[in-house]
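Only one structure is covered here, and it is reproduced in the block below.
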Amino acid sequence: QVHLAESGGGLVQAGDSLRLSCAASGRTFSSVTWNTGWFRQGPGKEREFVAHVSSDWKGRTTYYADSVKGRFTISKDNAKNTVYLEMNSLKPEDTAVYYCAARRYDSSGYQGSEDYEYWGQGTQVTVSS
């Protein structure tokens, strides 16, 4: 049983920054084994992949959607069982509910919903023009 809780969303203006947090609680294995990703779902859109960071054992490799490359940074703090998404130069197109997702072991995929075991409830990010 694992619970993921996102926080840090809010209403900002275009060009501003936000840092989202995803805290894991409950029964877990060592945090160094976790693979974590962020997804988002905007108005009238399907849920889409945003970013991923692999486990420590796989070198903490990061992957980003083309739409956020150069603006967003994913990172994690194993001691806090928390993953972060630093969002810079926000655009109105970034407006969405952002979801944290995680799996305890490595796999070949990272950008599909089926590649994760656990999901948070989401946090709203709204970017005004």
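Here, residue 1 is the first one in the sequence, and each next residue gets the next number. Only this structure's heavy atoms are used, side chains among them; waters, hydrogens and symmetry mates stay out.
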Donor-acceptor contact below 3.5 Å, side chain Thr33 vs main chain Tyr105: no
List, one per line, each side-chain donor-acceptor pair under 3.5 Å for residues 36-44, sequence neighbours excluded.
from: Arg40; atom 1: NE; to: Glu48; atom 2: OE2; distance (Å): 2.8
from: Arg40; atom 1: NH1; to: Asp94; atom 2: OD1; distance (Å): 2.9
from: Arg40; atom 1: NH1; to: Tyr98; atom 2: OH; distance (Å): 2.9
from: Arg40; atom 1: NH2; to: Glu48; atom 2: OE2; distance (Å): 3.4
from: Arg40; atom 1: NH2; to: Ser67; atom 2: OG; distance (Å): 3.4
from: Gln41; atom 1: NE2; to: Lys45; atom 2: O; distance (Å): 3.1

Under 3.5 Å: donor-acceptor pair, side chain of Lys76, backbone of Trp34: yes
Check: Thr61 main-chain N/O paired with Ser54 side-chain donor or acceptor under 3.5 Å: yes
Pairs meeting criterion side chain to side chain donor-acceptor pair (under 3.5 Å) with involvement of residues 11-23, two or more places apart: Ser17-Asn88
Those residues that, when tested against Tyr64, pass side chain to side chain donor-acceptor pair (under 3.5 Å) (two or more places apart): none
Residues that Glu86 engages under salt bridge (charged side-chain N to carboxylate O under 4.0 Å, His left out), provided they are two or more places apart: none
Any donor-acceptor pair under 3.5 Å from Tyr116 side chain to Tyr110 backbone: yes
Test side chain to side chain donor-acceptor pair (under 3.5 Å) applied to Ser55 - qualifying residues, sequence neighbours left out: Asp106
Partner set under side chain to side chain donor-acceptor pair (under 3.5 Å) for Asp77, not counting sequence neighbours: none
Ala24 versus Leu4, closest heavy-atom pair with distance: CB-CD2, 3.7 Å
Any donor-acceptor N/O pair, Glu6 side chain to Cys100 backbone, under 3.5 Å: yes
